[in-house]
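Read through the structure below, which is laid out as structure tokens, and then see the notes.
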Number of protein chains: 2
Amino acid sequence: MVKQKISITDIAEKTGLSTTTVSRVLNGKAEQYRISKKSQQKIKEVAKELHYTPNQFAANLRTGKSGTMALIIPSLNNPFFAGIASEINTELRKSNYTTIISDSDENPETEKMELQQLIARNIEGLIIVPCGNEWEHIKSLQEQGLPVVCIDRYFENLDIPFVSTDNYTGASMATKQLIENGHSRITCIQGVQHSTPNKLRIKGFRDTMKKAGLESESIVGDDFTFQNGYLETKLLLQQKERPTAVFTLSNTIAMGCMKALKEENIKVPDDISLITFDDHPYLDYLVTPLSCIAQPVSDISKIAVKFLISKINKQEVKTSQVLLRPTIKMRDSIKRIN
Amino acid sequence: MVKQKISITDIAEKTGLSTTTVSRVLNGKAEQYRISKKSQQKIKEVAKELHYTPNQFAANLRTGKSGTMALIIPSLNNPFFAGIASEINTELRKSNYTTIISDSDENPETEKMELQQLIARNIEGLIIVPCGNEWEHIKSLQEQGLPVVCIDRYFENLDIPFVSTDNYTGASMATKQLIENGHSRITCIQGVQHSTPNKLRIKGFRDTMKKAGLESESIVGDDFTFQNGYLETKLLLQQKERPTAVFTLSNTIAMGCMKALKEENIKVPDDISLITFDDHPYLDYLVTPLSCIAQPVSDISKIAVKFLISKINKQEVKTSQVLLRPTIKMRDSIKRIN
DNA sequence: GCAATTTGAACAATCGTTTGCGCATATTTT
DNA sequence: AAAATATGCGCAAACGATTGTTCAAATTGC
């Protein structure tokens with residue numbers, strides 16, 4: 001703590017006015033309480049001269065408002081989430097909120113603990129990428145009056161607002177692309193199974209396969225990690241009949257997959273085609289520029305913030321559950337076969 | 001804010017004890033103040049039953065301790081900084097601190113404003129990657145008693161603690177590597193010129209060139225961005241006599257460089273060799289796996305946190321200015337010529 | 001059995017702001 | 001010139017926790 005912090009009282013003394021008046025001027029309520037221009041000026045001058053910074057804690061204690069929002073994501077190390085964090089951080093700052101970013105590390109217990117901490121900090125709102133399939137602790141916060149919005153992952157049939165990608169469509173697009181290029185033996189490497197995006201992507205994949213008369217779809221994996229992508233691909237390559245195409249459900253999985261392919265000296269797209277969920281600048285410069293389903297990260301973040309702010313301002317929002325359409329970015333990782 | 005928050009007073013009422021006693025028990029000072037086991041138990045039970053969470057604001061107002069640290073980085077979107085943020089976040093949490101991550105967006109004015117905000121939040125310590133060459137505002141905070149440590153970028157000849165990479169050595173290693181492979185026309189694309197890491201990297205580059213009798217070194221660029229890397233490379237390729245090797249001073253610059261090279265259909269390393277500062281998982285899967293100077297991100301973060309905690313605990317630290325040795329990761333982006 | 005000590009806990013001030021209410025003075029109205 | 005209204009500002013009580021000090025009751029010592 002910076003010692004000798006100067007308070008509203010110091011300004012009051014120096015100006016010969018009361019803390020009440022100082023507070024009002026500094027909060028822009030001067031007009032409302034008819035403080036004379038002269039006093040206003042004096043107070044502002046002295047405040048500047050003394051380098052006054054209000055003690056948020058005191059103000060917050062009094063008002064119950066913290067000016068703080070919380071963002072909980074599964075991992076800052078995942079570029080997808082880092083991007084979201086960055087966007088939300090700046091977006092919230094525009095509305096004069098400070099964001100506390102927490103990393104649940106894909107662990108529901110950690111998530112709960114962080115949430116506790118955050119509550120103690122009197123957060124005014126929460127944006128969360130829930131990392132488990134339990135929703136009670138989140139729902140209960142909402143019921144206590146805390147504005148909450150889920151992003152990326154969410155809970156269906158629950159009235160917690162969310163903003164996410166239309167994962168079903170995204171996966172369908174990717175799968176269709178593969179099929180149209182003649183692929184039929186397609187393996188999908190998935191992430192956390194119970195997560196809504198994963199479920200919907202899988203559904204999109206399955207439905208599209210089925211519609212094309214391709215029943216033999218194979219789905220493997222269980223985590224949105226590099227590790228998972230690597231291991232599953234390794235296993236995949238052991239099979240007698242390898243797939244001709246792989247659809248990875250995240251950029252992290254894709255990276256793991258690529259590592260395995262590289263080790264086994266399998267070329268994309270000549271030996272195997274690849275498409276993934278999530279875009280990333282690097283994807284353009286890979287051995288084979290990777291085709292992907294790009295999520296509207298920026299829009300997701302902005303809408304989520306908007307929801308939160310509206311809730312706080314008690315504005316009515318018609319819809320608060322939004323799915324944004326992803327775009328497919330074709331690069332060179334899919335080979336036309338047959 | 002969650003309404004109907006229960007306070008220490010509620011517990012006091014329900015147990016028939018005073019807030020004093022409740023506070024002491026809940027803060028683990030029961031023994032010190034000889035609170036009976038029975039009372040302790042009762043208080044803890046009721047606290048749990050009521051789902052009590054302390055109001056940090058009240059506590060902090062009283063104690064002046066906020067349990068909050070600040071981290072200011074130039075951009076969460078840069079994977080290098082995102083990695084640092086992630087590490088520091090979890091590291092500080094281990095010591096029971098909440099971290100507020102701020103994004104200065106490479107803008108000194110923004111940095112100053114954020115700092116103001118953070119001061120108002122009574123942060124107990126600051127880890128910062130300063131984004132300008134002004135240090136007064138940071139130094140002044142330190143002089144007011146705020147523990148500060150710079151990471152990555154820092155100020156020489158100032159007694160602000162810092163943890164960074166030995167950039168001079170890193171750049172020397174990279175340059176030497178290039179020279180040993182027969183390169184003499186080497187262009188270095190730098191980042192923010194006044195930043196200490198950049199200056200030292202440039203110095204390492206220059207000295208190594210000079211030592212090898214290569215005086216004609218060319219240095220271009222002025223920002224740690226994708227843009228900068230792209231534009232400078234574009235310009236580079238216009239020259240009559242192109243360099244045989246490029247040394248980019250960050251991963252973002254490298255990406256921009258690669259984009260330009262790709263557009264002009266220049267192959268790495270056949271047409272031009274490339275090495276960059278900063279590692280990233282993706283580097284392994286690029287068209288040409290990119291050789292790099294990897295910074296010890298994890299160690300930097302951990303040491304920075306350690307410094308901060310020591311300062312707060314008023315422990316003496318012998319040295320508080322540390323440069324960590326980077327490692328060179330050879331992949332396939334350097335061609336032996338001549 | 002009375003003083004001395006220990007045990008267990010409460011009083012009340014405090015941190016820096018905000019805010020409902022109140023109260024002089026100054027100005028205008030009639 | 002008295003009444004009504006407007007202007008400019010301050011009092012003092014919160015907010016919820018922490019803490020130096022005090023104090024009664026229980027226990028011990030002699």
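Source: prediction; values computed, not measured. Numbered from 1 within each chain, the chains take letters A, B, ... in sequence-line order.
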Under 4.0 Å from any atom of DNA chain D, heavy atoms only: list the residues of residues 15-39 of chain B that qualify, in numerical order.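 DNA chain D contact set from residues 15-39 of chain B: B:Thr20, B:Ser23, B:Arg24, B:Asn27, B:Lys29, B:Tyr33.
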
Interatomic distance where [atom1] belongs to [X] and [atom2] belongs to [N] [whole Å]:
{"X": "B:Lys65", "N": "C:dG16", "atom1": "NZ", "atom2": "P", "answer": "14 Å"}
{"X": "A:Asn60", "N": "C:dT17", "atom1": "CG", "atom2": "C1'", "answer": "10 Å"}
{"X": "B:Asn55", "N": "D:dG16", "atom1": "CG", "atom2": "P", "answer": "7 Å"}
{"X": "B:Ile119", "N": "C:dG16", "atom1": "CD1", "atom2": "P", "answer": "15 Å"}
{"X": "A:Ile6", "N": "C:dC15", "atom1": "CD1", "atom2": "C1'", "answer": "16 Å"}
{"X": "A:Asn122", "N": "D:dC15", "atom1": "CG", "atom2": "C1'", "answer": "11 Å"}
{"X": "B:Ile11", "N": "D:dT18", "atom1": "CD1", "atom2": "P", "answer": "11 Å"}

So does A:Lys112 pair up with A:Glu109, basic N to acidic O under 4.0 Å? yes

Salt bridge check: are A:Glu31 and A:Lys37 linked by an N-O gap of less than 4.0 Å? yes

Identify, between A:Ala59 and B:Arg62, the residue whose nearest nucleotide on DNA chain C lies closer to the 5' end. B:Arg62

Taking for each residue the nucleotide of DNA chain C with the nearest heavy atom, is it B:Gln40 or A:Ile8 whose nucleotide lies nearer the 5' end? B:Gln40

Does A:Ser320 use its side chain to pair, donor to acceptor, with the backbone of A:Pro161 at less than 3.5 Å? no

With respect to A:Asn89, which candidate in A:Arg93, A:Glu91, A:Glu87 satisfies the side-chain contact (heavy atoms from CB on, under 4.5 Å) definition? A:Arg93

Side-chain heavy-atom pair B:Lys14, B:Val46 within 4.5 angstrom cut-off: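 Touching, per the 4.5 Å side-chain cut-off.
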
Answer yes or no: is there a side-chain heavy-atom contact under 4.5 Å between A:Ile8 and A:Tyr52?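 Yes. Closest side-chain heavy atoms under 4.5 Å.
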
